[in-house]
2 protein chains.
Amino acid sequence: MTTEPNTPDAAESSRSEHVPDSDTVTPVMEDYLKTIYELQYDRDGAVWTSRIADSLEVTPPTVSSMLEKLERRGLIHREKHRPVTLTETGENVALGVIRNHRLLETFLADYLEYEWDEVHAEADRLEHYVSDQFVDRLTAMLEHPSSDPHGDPIPDEALAAPTRSWIRLSEAEAGVSHRVERVRADGERLRYLADCGITPGVPVEIVERTPLESVEIAIESDPDHEPNSQVLPKRACERILVGPLPGNN
Amino acid sequence: MTTEPNTPDAAESSRSEHVPDSDTVTPVMEDYLKTIYELQYDRDGAVWTSRIADSLEVTPPTVSSMLEKLERRGLIHREKHRPVTLTETGENVALGVIRNHRLLETFLADYLEYEWDEVHAEADRLEHYVSDQFVDRLTAMLEHPSSDPHGDPIPDEALAAPTRSWIRLSEAEAGVSHRVERVRADGERLRYLADCGITPGVPVEIVERTPLESVEIAIESDPDHEPNSQVLPKRACERILVGPLPGNN
DNA sequence: ACAAATAATTAGCCTAATCAAATATAATAG
DNA sequence: CTATTATATTTGATTAGGCTAATTATTTGT
Ligand SMILES: [Mn+2]
Ligand SMILES: [Mn+2]
Ligand SMILES: [Mn+2]
Ligand SMILES: [Mn+2]
């Protein structure tokens, strides 16, 4: 019956406590986990410290120390000087944030008249601050959308990982019409592609590949008009994901 | 007024810098300024360190050091051991946050089916993270509402301070019907008052004041039915603000 | 007028997130 | 099998926002 100075007395319900809450995931931690997820799955590859640093625009030492913390919290697997992987818990956190992000983007575009190049910045902040209740209600209001304005798939409430498969427009067979599913770009590039008529749902077709790494494509934004023809660099076509045209199966 | 909420502006391109951005107002600083504003105007009175500490549920030393910072930033006037007041800049920050808060509450109630006792917690977080663009678009979508679900007035885009005047239901003349304008309560109390039919817009009238500090009131939630009669403690009636009934002038 | 009570401030420490500089490790080129 | 180079980590700061304990200033009761 010693006089303990630091008794974590349960009767002390007055929460003025300033202790490190070992299972709280901060907004910054969420961004790291989301980035790791995206580096791992979206552009596939091993996730190195420096890649995370590039993505988040912080220095490698900052990443190193954050990775140490994420490992202590059981959110990633890590060995020194090796790429990291998410634990199941870590992946669920990442998917939750991605779900919030894409639902918010959809809301901004559908209800607040944001352009599709404006939604990302806003969603990237708010994704960390909306409650589960908010997200549930928002999902209902949006009628459970399955993809965001860029065509990125939205994980469902159970966080079922999006596993649809698309091909790159750059790899599509010439002369065969495909449907635009996702457009993976941002800012000015995104605006330009929208001006060309390239948005999810639009049928496109490769007309000709030039020897100069550019590709001529035909875009049928409007079914009643003649397709719009456009020459894009191959790199751009790699970031446009397409699927089969429904009915053209 | 930039579109960015709390982002340390990227115009300074080579800014990987980790320097204190002397004119950035952090979310926590916003909460202090909002609290000071509310202590000063809503419940009128001098704003002492300990009152701020109570409101924000932090300790007085924490408030002291924050007040020092706010003073350095030109957001408050302060003398040692005296109550603080907001500078014009500080008041504008506070009004901006209050505007965000009340618009968000309105959105949550009108579009996401939040109950009026649920809106506060969500808005109190999001108020710091929505951009000016978001708020502008939201205002348009809500058709420029002038008050939130509790009847609290929403400052307009120019932050014109809300200066309508109401009286407390506790001070209303007995036998004269008034219109409920604001209900200043939260949580369980708010839910109870809604159950009694006391929400903004409803006509109420004092039937009788008892000698025991309670007040019998008649509530006309539904114009077709007989008014609902209710006995409330005087303290509760002090927090219900009413105005003249339109037409009963 | 002065001691006691109350309120505010100072001093010293903590965590989270960041950086720059120094150091360690792994990969690669002779 | 070393020497160079590219990465990653460690070390030591900084800033923001907290806390407790000790100290100081103000107000009040006798
Ligand atoms: Mn983010
Ligand atoms: Mn997207
Ligand atoms: Mn707040
Ligand atoms: Mn309100």
Side-chain angles (χ1 to χ4, degrees), chain A residues 4-9 12 14-33 35-36 39 45-73 75-76 78-84 125 128, chain B residues 6-8 10 12 14-36 39 45-73 75-84 125 128:
Chain A
E4 279 294 331
N6 284 328
T7 317
D9 194 352
E12 288 295 78
S14 72
R15 291 263 155 251
S16 224
E17 308 281 328
H18 187 53
V19 284
D21 199 344
S22 194
D23 56 85
T24 303
V25 179
T26 66
V28 173
M29 287 163 67
E30 288 181 347
D31 271 339
Y32 277 84
L33 294 170
T35 297
I36 292 168
L39 290 171
V47 184
W48 298 94
T49 301
S50 56
R51 308 300 349 274
I52 300 172
D54 292 347
S55 296
L56 289 172
E57 296 184 281
V58 295
T59 60
T62 302
V63 176
S64 268
S65 69
M66 179 56 84
L67 292 180
E68 195 196 323
K69 185 190 300 180
L70 293 174
E71 188 185 28
R72 280 203 311 267
R73 294 272 215 285
L75 296 162
I76 62 170
R78 183 174 80 123
E79 290 166 83
K80 279 189 188 162
H81 298 97
R82 299 264 45 136
V84 299
R125 235 178 313 109
H128 310 288
Chain B
N6 283 308
T7 314
E12 294 293 77
S14 76
R15 290 269 164 247
S16 195
E17 308 279 327
H18 189 50
V19 285
D21 198 344
S22 193
D23 55 85
T24 304
V25 179
T26 66
V28 174
M29 288 164 67
E30 288 180 348
D31 270 338
Y32 277 84
L33 295 169
K34 188 178 78 159
T35 298
I36 293 168
L39 289 171
V47 184
W48 299 94
T49 300
S50 54
R51 310 294 2 268
I52 300 172
D54 291 347
S55 296
L56 289 172
E57 296 184 281
V58 294
T59 60
T62 301
V63 175
S64 268
S65 70
M66 179 56 85
L67 292 180
E68 195 195 322
K69 186 189 299 179
L70 293 174
E71 187 184 28
R72 281 203 309 268
R73 295 272 215 286
L75 296 163
I76 62 171
H77 297 299
R78 183 174 79 124
E79 290 167 85
K80 277 189 188 162
H81 296 95
R82 298 265 43 133
V84 299
R125 236 179 314 108
H128 310 288

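Naming convention: chains lettered A, B, ... in sequence-line order (proteins, then strands); numbering from 1 in each chain.
An OP1 or OP2 oxygen of D:dG17 is reached within less than 4.0 angstrom by no side-chain nitrogen or oxygen of B:T62. Considering only side-chain N and O atoms, A:T26 lies nowhere under 4.0 angstrom from the phosphate OP1 or OP2 of C:dA16. Residue A:Y32 has no polar side-chain atom (N or O) positioned under 4.0 Å from OP1 or OP2 of C:dA16. Contact annotation: B:K69 does not reach the phosphate of D:dT15 (side-chain N/O to OP1 or OP2, under 4.0 Å).
Proximity of B:L56 to B:D31: side-chain heavy atoms (C-beta onward) are separated by under 4.5 Å at one or more points.
Here salt bridge (charged side-chain N to carboxylate O under 4.0 Å, His left out) pairs that include residues 46-55 of chain B, with residues two or more places apart or in two chains, are B:R51-B:D54.
Atom-to-atom, NE2 of A:H128 to C1' of C:dA16 comes out at 15 Å; the value is rounded to the nearest Å. Atom CG in A:L75 sits about 13 Å away from atom P in C:dA16, given to the nearest Å. Rounding to whole angstrom units, CG of residue B:L56 and C1' of D:dC19 are separated by 15 Å. Between the P atom of C:dT18 and the CG atom of A:L70 lies a distance of 11 Å, rounded to the nearest Å. A straight line from CZ of A:R73 to P of C:dT15 spans 11 Å, rounded to a whole angstrom.
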Contact string for nucleotides 5-11 of chain C, one letter per nucleotide 5' to 3', B = base within protein heavy-atom range under 4.0 Å, S = sugar-phosphate only, - = neither, reads ---SBB-

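A search for side-chain contact (heavy atoms from CB on, under 4.5 Å) contacts involving A:V47 returns A:I36, A:L39, A:Q40, A:I52, A:V84, not counting sequence neighbours. B:R125 is linked by a salt bridge (charged side-chain N to carboxylate O under 4.0 Å, His left out) to B:E122, counting only residues two or more places apart in sequence or in another chain. Partners of B:T62 by side chain to side chain donor-acceptor pair (under 3.5 Å), not counting sequence neighbours, listed by chain and number: B:T59. Remark: A:E71 engages no residue in a side chain to side chain donor-acceptor pair (under 3.5 Å) (not counting sequence neighbours).
For A:M66, the side-chain atoms get nearest to C:dA17 when compared with the rest of D:dA16, C:dA17, C:dC19.
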